[in-house]
Number of protein chains: 2
Amino acid sequence: MADTTTRAPHAVLAVVLQVRDRRLEVLLDAGALPGAELAPGESLEACARRHVDARALAHLEQLETRTLPARRDARTRLVTAYLGLVPSDGAAAGDWHAVGDLPPLPAGHGEIVLAARARLRAKLSYTNVGFALAPETFAISELRDIYAAALGHDVSPTNLQRVLVRRGVLEPTGAHRGPGRAGGRPAALFRFSARKIEITDQFGFLRPPAL
Amino acid sequence: MADTTTRAPHAVLAVVLQVRDRRLEVLLDAGALPGAELAPGESLEACARRHVDARALAHLEQLETRTLPARRDARTRLVTAYLGLVPSDGAAAGDWHAVGDLPPLPAGHGEIVLAARARLRAKLSYTNVGFALAPETFAISELRDIYAAALGHDVSPTNLQRVLVRRGVLEPTGAHRGPGRAGGRPAALFRFSARKIEITDQFGFLRPPAL
DNA sequence: GCAAAAGTGTTGTGTCTACACCCATGT
DNA sequence: ACATGGGTGTAGACACAACACTTTTGC
């Protein structure tokens, strides 16, 4: 439309995260978080997907909206940040950097990445978001590596399996993976029973009375 | 500034909640959520406080940003919603309505109120946000009524006290409230040990190894 | 003493951690 | 046989729900 230039700038940034080689990585574009100016009539979510390989995104959610100093003029500049997740076997094209070892970023981008990681860590504990980081099917040891990289601490495969199966988050496929070069028992393959986000641990306390 | 009218409209709405008479209530302004257009150079949070009695707000946090249909023209209209909380003994001036018995609201406002209530309910379980709904000091039975109204289900005073004290959220003041007309044991008065939000139940599961 | 309101004791249950042990495969 | 990697059994810790019981007040 002709009034495009009369709109105050509103940008959408995406923090796209992935686990590869046991590290949590974020997608950068020209040394910054990928993003775009919101076009007239465009939804925020559509804008977030615009500069990301949308097919690879298994999950996308809004993080927060901030005012950032503008790059050129001094006017208030609004930025809405999104968190996107890509499975570890997804098309990994792009400029991925380990979170926690990032190059210098534009003002504010670093904080947004940390907010995204904090959100991911919290949601791994009480939702099934893991599906968005894991391949379609996987062995528990593979899932363990993904959780450990995302959470930043070691995870016991024993308990990971039992917790997620008890909650109904994971289900066995019946298939098995062949053992590696050095032998070892074949690993059972699992899948996430749902591939969209759900809360799996609803009540921290104060649940409603049984009757 | 002279360029005010050239900015695309970005509004900030506030869902201000309060418990009064054992009901969760929301503040309305002229039949809609209170809000304002963002002024140039103004922060989102300052804008949210602008049309609310800012002294009474014990807590304010951002909810989400949406695109809503504009009221007059057909352009995309961005709205950032905030959740504000007022203690039950705060200055209650304003047009308060019971959540769940609201008059017809502008498009989208109803959903935002429900999102705010859902956020409050979740955070009551794993943070100390209760401080923002409760008076400075209170008896457990009073806190019970506040939690029950906000959560929408009955709450046991026995367990509420033990859970919150064990977590270090509540602490006894040592003072007691005189008994009512019909007698009864004097109630001990408590306070929240912190008056800003903290996470009190950090790990739902998968906590880091003990050593 | 009795009713009312508040607080404590105690038991049970569910969910998680930790760790020992058992199973299936390759060499 | 034995090393390697995967899975199961089980005991203990912890936090919360439920409910009975005791304490402190007014009448």
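Letters A, B, ... are given to chains in the order of the sequence lines, protein chains preceding strands, and every chain is numbered from 1.
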Hey, mind stepping through A/R77 and A/E37 against salt bridge (charged side-chain N to carboxylate O under 4.0 Å, His left out) and telling me if it holds?
CA-CA 11 Å; A/R77 185 184 174 82; A/E37 295 293 332; 2.6 Å; yes
When you measure from the side chain of [X] to the backbone N and O of [Y], does any donor-acceptor pair fall under 3.5 Å?
{"X": "B/Q62", "Y": "A/T65", "result": "yes"}
{"X": "B/R22", "Y": "B/A148", "result": "no"}
{"X": "A/R177", "Y": "A/L189", "result": "no"}
{"X": "A/S193", "Y": "A/V169", "result": "yes"}

For DNA chain D, which residues in residues 121-130 of chain B have a heavy atom at a distance below 4.0 Å?
none
Expressed in angstrom and rounded to an integer, what is the separation of [X] atom [atom1] from [N] atom [atom2]?
{"X": "B/H176", "N": "C/dA6", "atom1": "NE2", "atom2": "C1'", "value": "11 Å"}
{"X": "B/R166", "N": "C/dT8", "atom1": "CZ", "atom2": "P", "value": "14 Å"}
{"X": "A/R177", "N": "C/dG26", "atom1": "CZ", "atom2": "P", "value": "15 Å"}
{"X": "A/L160", "N": "C/dA18", "atom1": "CG", "atom2": "C1'", "value": "15 Å"}
{"X": "A/Y147", "N": "C/dC16", "atom1": "OH", "atom2": "P", "value": "12 Å"}
{"X": "B/E142", "N": "C/dG7", "atom1": "CD", "atom2": "P", "value": "10 Å"}
{"X": "B/L189", "N": "C/dA6", "atom1": "CG", "atom2": "C1'", "value": "12 Å"}
{"X": "B/H153", "N": "D/dC16", "atom1": "NE2", "atom2": "P", "value": "14 Å"}

With A/R144 via side-chain hydrogen bond (donor to acceptor under 3.5 Å, both in side chains) - residues at least two apart
A/D154
Reading nucleotides 19-27 of chain D from 5' to 3' and marking B where a protein heavy atom lies under 4.0 Å of the base, S where only the sugar-phosphate is that close, and - otherwise, the string is B---BBBSS
Partner set under salt bridge (charged side-chain N to carboxylate O under 4.0 Å, His left out) for B/E171, not counting sequence neighbours
B/R191
Applying salt bridge (charged side-chain N to carboxylate O under 4.0 Å, His left out), name anything that partners A/R23, two or more places apart in sequence or on another chain.
A/E25
Below 4.0 Å: OP1/OP2 of D/dT8 and any side-chain N or O of A/Q161:
yes
Are A/I197 and A/N128 packed together at the side-chain level, in the sense that at least one heavy-atom pair is separated by less than 4.5 angstrom?
yes
With the side chain counted from C-beta on, respond yes when B/Y82 and B/L57 share a heavy-atom pair under 4.5 Å apart, and no when they do not.
no
Rounding to 10°, can you tell me the angle the first-five-pair axis of the helix from C/dG1-D/dC27 to C/dT27-D/dA1 makes with its last-five-pair axis?
30°
Using 30° and 60° as the class limits, which term best fits the ring planes of A/F138 and A/F192: parallel, tilted or perpendicular?
tilted
NA contact type, A/A188, heavy-atom cut-off 4.0 Å: base, sugar-phosphate, or nothing?
sugar-phosphate
Looking at every strand, decide which applies to B/R167 at a 4.0 Å heavy-atom threshold: base, sugar-phosphate, or nothing.
sugar-phosphate
